[in-house]
2 protein chains.
Amino acid sequence: MTVTMKKVARRAGVSISTVSRVLSGHLNVREEISCKVKRIMKELGYTPNIIAKSLVSKTTNSICVLLPGPAEELFSNLFFMELIRGIVAGASRLGFDILISSGATEQEELEVVSQLLKGRRVDGMIVLSSHYDDAVIEYLNTNSYPFVLVGRSDKYDGILSVDTNHSMAAYDATSHLITMGHERIGFVSGPQDLIVSRDRLEGYRNALLDHGLEWYPEWIVEGESLQDSGYGSISDFMNLPNRPTALVAVDDMVTFSVIRVLKQLKYKVPDDLAIVSFNNIPLAELSVPPISSIDTRIYDLGAMASQVLIQRIQHPEHENQYKNRFIIAHQLIERESSMLAM
Amino acid sequence: MTVTMKKVARRAGVSISTVSRVLSGHLNVREEISCKVKRIMKELGYTPNIIAKSLVSKTTNSICVLLPGPAEELFSNLFFMELIRGIVAGASRLGFDILISSGATEQEELEVVSQLLKGRRVDGMIVLSSHYDDAVIEYLNTNSYPFVLVGRSDKYDGILSVDTNHSMAAYDATSHLITMGHERIGFVSGPQDLIVSRDRLEGYRNALLDHGLEWYPEWIVEGESLQDSGYGSISDFMNLPNRPTALVAVDDMVTFSVIRVLKQLKYKVPDDLAIVSFNNIPLAELSVPPISSIDTRIYDLGAMASQVLIQRIQHPEHENQYKNRFIIAHQLIERESSMLAM
DNA sequence: CTGTTAGCGCGTTCAT
DNA sequence: ATGAACGCGCTAACAG
């Protein structure tokens with residue numbers, strides 16, 4: 001049998017209101033009674049019913065993380081695990097629970113989000129997808145539900161968001177290679193419809209531009225095609241006349257594939273091709289050779305996301321009063337894959 | 001302003017009860033009225049308040065996944081990501097939401113679990129940790145809350161659990177190497193306090209025993225020490241007099257380290273040392289050479305976990321009536337790392 | 001300071 | 001087939 005406030009009240013010989021007051025820490029209760037009630041609560045093993053609480057307070061102390069639709073490939077990415085870990089940590093520090101949800105299609109996502117928010121099951125959303133045009137963001141924005149975007153949206157610039165400065169990160173990665181003496185630097189791009197991909201490409205170009213170096217379309221390899229026909233793409237790339245001596249790759253996983261193929265082709269990293277990539281997954285260190293990678297502090301990104309969202313939920317009046325865009329500083333971890341050839 | 005049943009009722013000129021009946025799909029409502037109410041619900045954009053619903057029904061249609069504390073998180077994030085993916089998929093197919101939670105210490109975990117269950121925020125728990133002696137399991141079991149353990153507990157054998165037959169998996173991995181002609185086979189173990197580790201070690205031994213082969217304590221390397229002083233351990237191992245020609249490693253990540261060190265020591269895989277490991281992470285295929293690995297179908301494990309738990313929640317009367325232990329079949333993926341040396 | 005009352009939005013009796 | 005009334009467990013308004 002569950003222990004309710006009613007029982008505690010009866011057992012302590014006081015009214016329910018008093019018990020409630022003790023629970024919520026109101027001070028207008030005689031010290032003596034307060035102690036007694038607390039003792040009885042302990043004795044009976046009372047735990048407040050959060051559901052009832054949120055029915056009346058209209059807040060649930062929980063937020064939902066909406067995972068990107070076709071969870072299949074994205075999910076297996078270490079990125080999301082790390083992010084979620086950060087989100088959970090940040091939220092639980094503030095007493096919030098995390099609900100994980102996802103929808104197969106965009107329509108389904110909208111349905112889920114609407115149910116959750118209108119049904120008052122969660123107080124806010126963390127959106128992880130970052131397509132150019134996102135119906136979910138549109139929905140959340142127009143209905144002014146509290147939410148934070150992990151990533152960036154071109155369309156709405158006033159929205160609360162947490163992000164890495166991907167352009168700058170790519171700029172730094174490229175500059176590092178330039179510092180190492182490379183003058184012909186290639187690029188392995190990510191999926192074209194993601195903003196991240198465009199930002200990184202931009203950073204890469206800017207770095208070359210600022211250093212007076214050139215780049216050619218043939219130096220840019222589509223990352224996705226590597227998964228299927230990695231061998232051919234890399235082979236073609238390495239046979240380019242006057243080919244690049246270094247490469248900026250958009251993801252550590254992709255870099256793994258690249259290195260593997262290069263080995264099969266009897267090329268040496270970094271001697272024949274130096275590489276810097278992104279995300280700094282744990283395995284980057286274990287690779288042969290270890291991979292230089294931009295650490296984007298994904299865990300911190302997640303923690304920050306939940307914290308700013310909760311802040312917004314608890315103090316909606318601060319909207320537009322403080323800044324809406326939070327950038328987590330990245331960091332280049334230099335390893336062997338980008339070292340100077342000796 | 002939120003749309004409640006009250007409003008729908010007023011707008012439709014019927015009582016709240018009727019609206020409720022329509023919503024829950026009861027058939028004792030005149031077709032005509034049912035349609036009208038449904039139309040109005042659509043019109044007004046009504047979404048049932050899940051919180052109120054669960055207050056009265058005493059069920060939340062959501063379950064909680066308790067993530068292991070920071071201690072083990074290093075071991076293999078990929079495992080948990082894949083597992084959670086399966087859990088979310090399995091749960092959402094049945095209309096359940098997933099709450100993610102974790103505690104830094106065991107005490108904190110207990111606190112969280114207790115809050116969630118007694119506070120009726122979730123209907124059940126999925127427990128991922130699998131120490132020999134787990135306070136959380138003890139708590140859940142004695143209070144007879146619905147829960148499922150992903151893994152195995154020696155202490156309580158009647159509890160609902162989903163698992164891989166790790167012993168059998170290790171047996172199969174070892175047998176595979178034996179089939180390949182190896183007679184001296186080493187083993188890289190996992191953390192000693194995990195049941196998984198012991199099971200796998202057992203399977204390894206049994207395989208050797210059944211084939212009349214010997215094993216020596218020096219052939220068993222502590223996996224954790226590899227992370228720190230991998231170089232030394234492996235070097236020692238390879239310099240053993242009459243050393244093993246093959247190795248069963250407890251995890252793909254560990255295998256990565258091993259292969260890396262072997263390369264530095266100028267040994268060849270599989271020629272100098274054949275390796276089979278566990279989990280079949282995506283990168284196993286991309287390794288040089290590709291790693292033979294036991295695929296434990298982690299996604300299916302997760303999906304199964306949420307489904308049996310929900311089954312138990314919805315039909316508690318079936319307890320002890322059906323089996324409580326579900327095994328997901330594993331599968332050996334043979335790749336180059338265990339191929340016959342030519 | 002404390003107890004009484006009135007909901008939060010919904011399901012579930014009872015009657016009718 | 002339908003409506004009125006009550007209660008889930010809790011908070012907040014009002015009295016005293």
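Convention: sequence-line order gives letters A, B, ...; per-chain numbering from 1. This is a predicted model, so every value here is computed, not measured.
- As judged by a 4.0 angstrom heavy-atom cut-off over every strand, A:S57 is placed among residues making no nucleic acid contact.
- To the nearest whole angstrom, the two P atoms, one in C:dC1 and one in D:dC10, are 25 Å apart.
- Side-chain N/O atoms of A:S24 include none lying less than 4.0 angstrom from OP1 or OP2 on D:dT11.
- No engagement by B:R120 is indicated, since no non-hydrogen atom pair under 4.0 Å with the nucleic acid exists.
- The CG atom of A:D163 sits 5.0 Å away from atom CD1 of A:I327, with the distance rounded to the nearest 0.5 Å.
- Side chain of A:N61 to backbone of A:G95: a donor-acceptor contact under 3.5 angstrom is found.
- Nearest to the side chain of B:L55, among D:dG9, C:dT2, C:dG3, sits D:dG9.
- Atoms NZ (B:K6) and C1' (C:dA6) sit 12 Å apart, rounded to a whole Å.
- Annotation for A:K36: atom NZ does not count as buried by contact number, only 12 or fewer foreign heavy atoms lying within 6.0 Å.
- Side-chain contact between B:F147 and B:I137 is present, with heavy atoms from C-beta onward closer than 4.5 Å.
- Ranking D:dG3, D:dG9, C:dG3 by closeness to the A:R21 side chain, first place goes to C:dG3.
- Between the CD1 atom of B:I16 and the C1' atom of D:dC6 there is a distance of 13 Å, given to the nearest Å.
- Contacts of B:V56 with the nucleic acid, taken as non-hydrogen atoms under 4.0 Å apart, include base atoms.
- Atom pair A:K7:NZ and D:dC8:C1' shows a separation of 13 Å (rounding to whole Å applied).
- Rounded to a whole Å, the CG atom of A:L23 is 14 Å from the C1' atom of D:dA12.
- With rounding to whole Å, A:N49 atom CG is found 13 Å from D:dT11 atom C1'.
- Comparing B:K58 and B:S15 by the nucleotide of DNA chain D that holds the closest heavy atom to each, the one mapping nearer the 5' end is B:S15.
- Within the structure, every side-chain polar atom (N or O) of B:S20 is placed at least 4.0 Å from both OP1 and OP2 of C:dT12.
- Using a 4.0 Å heavy-atom criterion, one finds that B:S17 contacts the bases of the nucleic acid, with or without backbone contacts as well.
- When the shell of 6.0 Å around NZ of B:K7 is examined, it contains more than 12 heavy atoms from other residues, nucleotides or ligands.
- Counting to the nearest Å, the C1' atom of D:dA13 and the CG atom of A:N28 are 14 Å from each other.
- With hydrogens and angles disregarded, a donor-acceptor distance shorter than 3.5 Å links the side chain of A:T142 to the backbone of A:Y139.
- Between B:I50 atom CD1 and C:dG11 atom P the separation is 11 Å, expressed in whole Å.
- Between atom CG of residue A:D97 and atom OG1 of residue A:T60 there is a gap of 8.5 Å, rounded to the nearest 0.5 Å.
- One interatomic measurement links the two molecules: CZ of B:R30 to C1' of D:dG3, which rounds to 13 Å at whole-angstrom precision.
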Expected output check: what is the dot-bracket annotation of DNA chain C, where ( ) and [ ] are pairs inside the strand (brackets for crossing ones), | is paired with another strand, and pairs are Watson-Crick or G-U under 3.5 Å?
|||..|||||||||||

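- Among the protein residues, B:I51 comes within range of no part of the nucleic acid, since none of its heavy atoms lies under 4.0 Å from any strand.
- A:S54 places a side-chain N or O within 3.5 Å of a backbone atom of A:I50 that can act as its donor or acceptor partner.
- Here D:dT11 is the nucleotide among C:dT13, D:dT11, C:dG11 with the atom lying nearest to any side-chain atom of A:M5.
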